[in-house]
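I have placed the structure first, in the form of structure tokens, so that the comments after it can refer back to it.
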2 protein chains.
Amino acid sequence: MSRRSAGSGSVTLEDVAKVAGVSRATVSRVVNGSTTVDPALRKVVEKAIAATHYVPNRAARSLVTRTTGSIALVVSEEGRGDHHGGENPPFAGRIFSDPFFGRIVSGVMQYIRSRGVQMVLLLVDDDESRHQLLGYLRQGHVDGVVLISTHAADLLPQLLAEADVPVVLSGRPAQPTPISYVEVDQRAGVAMAVDHLVARGRTRLATVSGPQDTPAGRERLAAFRERLAAHGLAEVAAVEGDFTQASGAAAARELLAAAPGAGDVDGLFVASDLMALGALPVLYRAGRRVPEDIAVVGFDDSSAALACDPPLTTVRQPVEEMASQMANLLLQQIAAPESTLQSSMFQPTLVVRESS
Amino acid sequence: MSRRSAGSGSVTLEDVAKVAGVSRATVSRVVNGSTTVDPALRKVVEKAIAATHYVPNRAARSLVTRTTGSIALVVSEEGRGDHHGGENPPFAGRIFSDPFFGRIVSGVMQYIRSRGVQMVLLLVDDDESRHQLLGYLRQGHVDGVVLISTHAADLLPQLLAEADVPVVLSGRPAQPTPISYVEVDQRAGVAMAVDHLVARGRTRLATVSGPQDTPAGRERLAAFRERLAAHGLAEVAAVEGDFTQASGAAAARELLAAAPGAGDVDGLFVASDLMALGALPVLYRAGRRVPEDIAVVGFDDSSAALACDPPLTTVRQPVEEMASQMANLLLQQIAAPESTLQSSMFQPTLVVRESS
DNA sequence: TTGTAAGCGTTATCAC
DNA sequence: GTGATAACGCTTACAA
């Protein structure tokens, strides 16, 4: 085939109709699986479709049906205090290097691919890109949105809800908002971690928390304190990270500086595996053996947990399943826009490895 | 705003024209930035557009222009020997958990976002999904494809080239194919790694190679041997991995079993950081100190390199830049379909850290 | 059950 | 420079 081969896709319904000796409408009915078509004729039409290599033109179809068969996966990093301060590149690619991101993509794709739905990936990281997103959605190029929003101050969940765009949010919205969402039971997960440490005989517990401008960061810290209290304990220390590996290392240093006495802290809950990955070498170099001197539990069960040495005990979030469920709820909402909003809560599990 | 607010996006060119007191055609000209329109009228029209919150309907536009303003990022895992043998989930999500993937997404997005182009993510991992992809492309929902293909036996590069779809491939095609591509100078990168190890006084060199059914895996192994020969050396051992962390660990074990004498191997080139991440703890547990007993160099400079302990010396691939360039070449090709095919080669750099 | 015909919202080719 | 008007390829009443 040459580069100048017949403009593929240019065969129309009309062409098929001509070949099959029927009307355009009948071909359309066959293509769309209408039941009201004579089986014999259908055979003929199907043959004609195969012969002509017909494929429907999506744009034309969209124009009349006002649906597109695709959804957007929107990653919103907006609402952060730091507006990419000195990052390299300036582009907010941090999220794409988080193991979390890949799992979400995987989960969404797994759900939609067999349903003939496509996914377009969009990033929002400032006012301009948010504005562009809103425009894009109004242009009607997607039927709905799976929204990954990390920060509590993010305006997007509310805006999308108001704009009447079918949308499912990752995590409970920070402000009460009429929006569907899928969450993990953070409280239960953290409780598992704390209970596990206590069961291992640890009583001097500290935490490396997530950023307090995110719901996940806040909830996990609160749950940590709450569960500690239930055991009649109080935290020895709490240092805030930002869910990155580097911040985990920094937090560990801070922790050691604050509690220099050997054996001061004997159990550590780190609010994400990636931070734990950063923290472990720091502990190790400071002469603290894991788990002997200090038992460590992470959160997520991301690939970072297995990259840890020793392998990290962690609270598993079923991220892929949650992402699939987001896609599921979204597709339901698209199919029945006026149905009531639904949300799902997933239970985490404790994965015990060698770090505790 | 209620959930029943005015059907957003339903304001048409005609509506704007009515408000502005001009014809539909003129509004269209303004929207598309045509120069042949009276500045005064343009002002009026722009005001009307703002007043009505008009946004163009993409489907209608696509239908007539036959372009979509979006491209596909196609990840093709096809051509592997193992057809997801016993993987959990069966879905081929391996690629999404590779740090590589996020960097590619980041690079492509960075390039296209300011140009108003959108990206849809597609996965091909078997005959059926490949067939679906071809159909999808013919439906004309994207203007072109950035193709990430990992395996040498993959049919997709050839098929897309034949189908006359604008496409840019990651890496040189395994079979000579009329297709644009972006590659890294594997040979130069591996040479840096080997030279570095030799400069460190290492002479008993081994490698954990990538899978030999991928171009990257093959080229790096060949280049390793070639460069070794240039130094008058020969490899002590070469064990094949599959670019995953687990395979790196397995390879390290095999290596130790094959060369059990202490000090047998004093330098190790691992063909990807992720495999190095798996290999290091195995070496460590076997009593080999890194870098004292055995110096290790990786490839990629992915996040895995920093997750290593000690931090990994590695050959940096400018993945984001390469991905951006893929997008760039693709957009060029879309704009001028008959122009000659272009390819780019990027130079890697050596990032020296503590593992060697 | 099938065909006819009227749009869907744009862009593009013409005259003016 | 501007305005009719004809496509673009499809779905969908409505008629037959």
Side-chain angles (χ1 to χ4, degrees), chain A residues 6-46 48-49 52-69 116 135-141 143, chain B residues 6-46 48-49 52-70 116 135-136 138-141 143:
Chain A
S8 42
S10 63
V11 31
T12 107
L13 223 40
E14 191 73 48
D15 299 333
V16 180
K18 210 161 292 174
V19 170
V22 299
S23 79
R24 184 161 81 228
T26 300
V27 180
S28 175
R29 291 189 186 102
V30 170
V31 169
N32 294 298
S34 165
T35 49
T36 73
V37 51
D38 184 63
L41 247 196
R42 144 161 291 139
K43 274 266 165 62
V44 175
V45 171
E46 277 165 349
I49 288 174
T52 53
H53 297 297
Y54 168 78
V55 286
N57 178 312
R58 286 258 207 172
R61 178 177 283 176
S62 267
L63 184 55
V64 41
T65 60
R66 309 182 99 42
T67 68
T68 64
Y136 183 76
L137 295 178
R138 280 206 208 86
Q139 298 191 357
H141 229 189
D143 300 334
Chain B
S8 41
S10 62
V11 33
T12 111
L13 225 37
E14 192 72 46
D15 299 332
V16 180
K18 210 161 292 174
V19 171
V22 299
S23 79
R24 185 161 78 227
T26 300
V27 180
S28 176
R29 290 188 187 103
V30 170
V31 168
N32 294 298
S34 165
T35 49
T36 74
V37 52
D38 184 60
L41 247 196
R42 145 160 291 139
K43 274 266 165 64
V44 174
V45 172
E46 277 165 350
I49 289 174
T52 52
H53 297 297
Y54 168 79
V55 286
N57 178 311
R58 286 259 209 175
R61 180 177 281 178
S62 266
L63 183 55
V64 43
T65 62
R66 308 178 104 33
T67 68
T68 64
S70 54
Y136 182 76
R138 279 205 209 86
Q139 297 190 359
H141 229 188
D143 300 333

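Every chain is numbered from 1 and lettered A, B, ... according to where its sequence line falls, protein lines coming before strand lines. Because the structure is predicted, anything quoted here is derived from the model rather than measured.
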Does the side chain of [Y] come within less than 4.5 Å of [X]'s, by heavy atoms?
{"X": "A/Val30", "Y": "A/Glu46", "answer": "yes"}
{"X": "A/Val44", "Y": "A/Val22", "answer": "no"}
{"X": "B/Asn32", "Y": "B/Ser34", "answer": "no"}

*May I have the step-by-step check of side-chain hydrogen bond (donor to acceptor under 3.5 Å, both in side chains) for A/Thr67 and A/Asp143, ending in yes or no?*
CA-CA 6 Å; A/Thr67 68; A/Asp143 300 334; 4.8 Å; no
*Positions of residues 36-46 of chain B (non-hydrogen atom under 4.0 Å from DNA chain C), listed by number*: none
*Could you tell me the separation between the OG1 atom of B/Thr68 and the CD atom of B/Gln139, rounded to the nearest 0.5 Å?*
12.5 Å
*asked:* Strictly below 4.0 Å: does B/Thr26 bring a side-chain N or O up to OP1 or OP2 of D/dT2?
replied: no
_OP1 or OP2 of D/dG3 versus the side-chain N and O atoms of B/Ser23: is any pair under 4.0 Å?_
yes
_Can you identify which nucleotide, out of C/dG3, C/dT11, D/dC10, has its nearest atom closest to the A/Pro56 side chain?_
D/dC10
*Nucleotide of C/dT11, D/dT11, D/dA4 approaching B/Ser28 most closely (side-chain heavy atoms)*: C/dT11
*Check every strand shown and say whether B/Arg58 touches a base, only sugar-phosphate, or nothing at a heavy-atom separation below 4.0 Å.*
nothing
*Would you indicate what B/Val22 reaches in the nucleic acid, counting non-hydrogen atoms under 4.0 angstrom: base, sugar-phosphate, or nothing?*
sugar-phosphate
Is there a donor-acceptor pair closer than 3.5 Å between any side-chain N or O of [X] and the backbone N or O of [Y]?
{"X": "A/Thr52", "Y": "A/Ala48", "result": "yes"}
{"X": "A/Asn57", "Y": "A/Ala59", "result": "yes"}
{"X": "A/Asp15", "Y": "A/Thr12", "result": "yes"}
{"X": "B/Thr65", "Y": "B/Arg61", "result": "yes"}

Could you list, one pair per line, each protein nitrogen or oxygen that sits under 3.5 Å from a nitrogen or oxygen of nucleotides 5-8 of chain C, together with the distance?
| residue | atom | partner | partner atom | Å |
| --- | --- | --- | --- | --- |
| C/dA6 | N6 | A/Arg24 | NH2 | 3.4 |

*Which heavy-atom pair separates B/Val11 from B/Tyr54 by the least distance, and what is that distance?*
O-CD1, 3.3 Å
*Distance-minimising heavy-atom pair for B/Arg29 and B/Arg42*: O-NH2, 4.3 Å
_Report for the helix from C/dT1-D/dA16 to C/dC16-D/dG1: angle between first-end and last-end helix axes, five pairs each, rounded to 10 degrees._
40°
*Expressed in angstrom and rounded to an integer, what is the separation of B/Glu14 atom CD from D/dT5 atom P?*
12 Å
